[in-house]
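First comes the structure, then the notes that go with it.
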Amino acid sequence: MSETWIILGASSSMARAFVRAVAERGDSVLLAGRDMDDMARSAADARTRGAPLAEPVFFDARKPDSFTPILDRAQAVEGPVSAAVFVGSMPPQDEIDADPGLIEGVVSDSFSGPARFLQSFAPLIEARGAGNVVGVASVAGDRGRIGNYVYGAAKAGFATYLSGLRNRLTRAGGHVVTVKPGFVDTAMTWGIEGMFLVAPPEAVARDILKAVEKKRNVIYTPIFWLGIMTIIRAIPEPIFKKMSI
Amino acid sequence: MQWKTAEYAGWGRAYRAHGPLARPERLSALAAALAEPGPAIGNRRSYGDAALNDGGAAIEMTRLDRFLGFDAETGTLDVEAGATIGQIAEAFAPRGWLPAAMPGTGFATVGGCIANDVHGKNHHGAGSFGQHVTALTLMTGNGPREVTPEADAALFRATVGGMGQTGPIVSARLRLIPCPGQRVVVEESRVPDLGTFLDRLDGSEATYAVGWIDALARGKHLGRGILEEAELAEGPRPGPEKRAKSVPLDLPGALLSWPVVKAFNARYLRRIPDTGRRSKKQINDFFFPLDAVHDWNRLYGKRGFHQFQCVVPVEARDALREILTRIAKSGLASPLAVIKRMGPGRGGMMSFPMEGYTLAVDMPNRAKAAPLIAALSRMAQEAGGRIYLAKDSVAEPAVVAAMYPELDAWRAEVAKADPEGRYQTDLVRRLQLRSPA
Ligand SMILES: Cc1cc2nc3c(=O)[nH]c(=O)nc-3n(C[C@H](O)[C@H](O)[C@H](O)COP(=O)(O)OP(=O)(O)OC[C@H]3O[C@@H](n4cnc5c(N)ncnc54)[C@H](O)[C@@H]3O)c2cc1C
């Protein structure tokens, strides 16, 4: 039986590529985000590619009130329901330095908002005894770096949350995949200096779907980031603190 | 809105531009990008400077690539302009439909195909791309505007073939054609000389027909080559799905020196037995043979290359012979020369097609190439023909003006849609298309 996916942050290009991949295998999608016009177009794309059902639903990571209607909608569909989280925000570190108040927004978008949503969503997986959670964390969460440690910290928190959620849902027949993408060619990275080995969103989406199908726990995508991060994590702190990478 | 300042090039890589590029993923981001004057561009499969705006901004449309709806009864597809022909073919051929006109690369976007009113190997029967567009949506300062051939005939005809000058095309409604299966049955036969080639093209009853000419052969062999005639056919894809190879580096241009190309061409011709050959091909292999090698344009080295493409009326066979003779004599190596019989079909005021024969030849960007192409362009003009602006980078304004009889009407319509000249490209300025000198 085909799944229904709630896609949080559906307007991001990584989410879009993932939606196409699941639509093409016949899954349904609830596209959750703020830009309703944009998501209506993505929903049409998903239907045209084979999704039996594709609907836009309003979601704002900073407004927990927006979560309830989505959960109600999910409750009403038959069969297993899964969720994939693509939200997150990464203001430049110097803007955060100038206005530390921005930290709350980054944490809401990248960690506490999605975590709160998933916390309310988990019982649905438990009740149906099936369903996947895909959480997009980041390689930036593996080590705090001078360039984006607030974003990294939020993503690290989210990754730890996902690890615990996996622990919980596994015993109920669910599964959680933590995805750590490297640099992906999206609107977020467009024009940012110093990007290298930038992966197309389609390649990342393919890796994610493969990880879901194979019930992998944590993946780096593209895979060579596993090697890069293994090295970066191994650098002793006394040395790391003097590096700017 | 994020801008990325970058250097970018046309497919021939002989011309480059530098400036801020936006790549909106949503309509709201596209609307915001319009704050900066600059044209919408696609995948830059135009060879010369059609998709360049040196010193100014440009908007890459490739991320606006969604299917917005499909009517399986009529084969009507609503699609965002950044979707490519290859993506459409891949998604819809298994459901029995293909774009009605497909250029020789699957990487061309819908927007680029409209803006150059491209033609395919079936042009003699099916007409041009724009003739299968039943509506399109332009992004204007006041938001999206739908344009149909019925309600806004002049603006529609100025947009089809209009090189982006009426503004960004956001989406279009395309009439696809039925496609019975996943394969193409191709008949290839050797043709000894130009006269025979043109006769064979005239007499061909095939839906798809294209000729490959050995552009170096001279004398009695002038115009020898291979004629490919093909039909879409029933049946599954022959052979496994293929992955494209790529060219990782700019190769030294010398690789394409004259003896190398001559040997390549001779071998290519000998591949086909005297009696001809019939084979089944995958849809991509037949329609987009060059896409099998990504970035093959790098084979020409850093200096890049030009393509010359003209069409001359059916009566101007002699002119075509002279053009080909001139190319053969120049010794400018050219492994790819393509000849086609065009029908009269064209969708816009500045569309390239006219009933006649079209010839396309690649030339490395050496000192001799530009003057040769300029001379060839004049020969095409004198023969009552025209050159294809999607390929051009060297023609002169007056020559081009003489080739496009509806230029004034187009100018007037474009002036209404874009009074401030925000969407001009390097090509438009070079050829003074928007304003006579
Ligand atoms: C290998 C190869 C084979 C080819 N074979 C053929 C062929 O058989 N027949 C043929 O006709 N052509 C052929 N071409 C040319 C190609 O089809 C055209 O140049 C086409 O326009 C390229 O599309 P693009 O998306 O890359 O557009 P670009 O080259 O990026 O742009 C072309 C023009 O379209 C405008 N434009 C692009 N997108 C938009 C938009 N969304 N809104 C408004 N304006 C827009 C640009 O401003 C520019 O003027 C071939 C090219 C290659 C490289």
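Values below: every heavy atom of this structure, side chains too, minus hydrogens, waters and symmetry copies. Numbers restart at 1 for each chain; the letters A, B, ... are given by sequence-line order, proteins then strands.
- Few gaps surround CG on A:L197; more than 12 heavy atoms of other groups in view lie less than 6.0 Å from it.
- More than 12 heavy atoms of other residues, nucleotides or ligands shown are found within 6.0 angstrom of CZ on B:R422.
- Within a 6.0 Å sphere centred on CD of B:E90, heavy atoms belonging to other residues, nucleotides or ligands number 12 at most.
- Around CZ of B:R63, the count of heavy atoms belonging to other residues, nucleotides or ligands within 6.0 Å exceeds 12.
- In this structure, A:E213 places its CD atom where more than 12 heavy-atom neighbours from other residues, nucleotides or ligands lie under 6.0 Å away.
- Only the side chain of B:S28 comes within contact range of chain A, with at least one heavy atom under 4.5 Å from a heavy atom of that chain.
- The environment of CZ in A:R116 is sparse: at most 12 heavy-atom neighbours from other residues, nucleotides or ligands sit within 6.0 Å.
- Considering CZ of B:R26 and OG of A:S42, their distance stands at 9.0 Å, rounded to 0.5 Å.
- Neither the backbone nor the side chain of B:D78 comes within contact range of chain A, judged by heavy atoms closer than 4.5 Å.
- With a 4.5 Å cut-off on side-chain heavy atoms, B:Q2 and A:M188 do not count as touching.
- Residue A:R145 places its CZ atom among more than 12 non-hydrogen atoms of other residues, nucleotides or ligands, all under 6.0 Å distant.
- Summarising the local packing, CD of B:E7 is surrounded by more than 12 heavy atoms from other residues, nucleotides or ligands at distances under 6.0 Å.
- The closest side-chain heavy-atom distance from B:E25 to A:S12 is not below 4.5 Å.
- Of all the listed residues (A:D45, A:T186, A:D37, A:D35), the one sharing the greatest number of non-hydrogen pairs under 4.5 Å with chain B is A:D45.
- Residue A:R41 holds its CZ atom at 7.5 Å from CG of B:L64, rounded to the nearest 0.5 Å.
- In this structure, CZ on B:F92 lies 7.5 Å from CZ on A:R49, to the nearest 0.5 angstrom.
- Note that OG1 of A:T48 is 7.0 Å distant from CZ of B:R95, once rounded to the nearest 0.5 Å.
- In this structure the side chain of A:S13 never reaches within 4.5 angstrom of the side chain of B:R23, judged on heavy atoms.
- Between the CD atom of B:E60 and the CH2 atom of A:W190 there is a distance of 4.5 Å, given to the nearest 0.5 Å.
- Of the atoms belonging to A:R47, not a single heavy atom falls under 4.5 Å from chain B.
- Comparing A:A43, A:G50, A:A46, A:G191 by heavy-atom pairs within less than 4.5 Å of chain B, the highest count is held by A:G191.
- For A:R16, the part sitting under 4.5 Å from any heavy atom of chain B is the side chain, from C-beta outward, and nothing else.
- In this structure, the side chains of A:R20 and B:F67 stay at 4.5 Å or more apart for every pair of heavy atoms.
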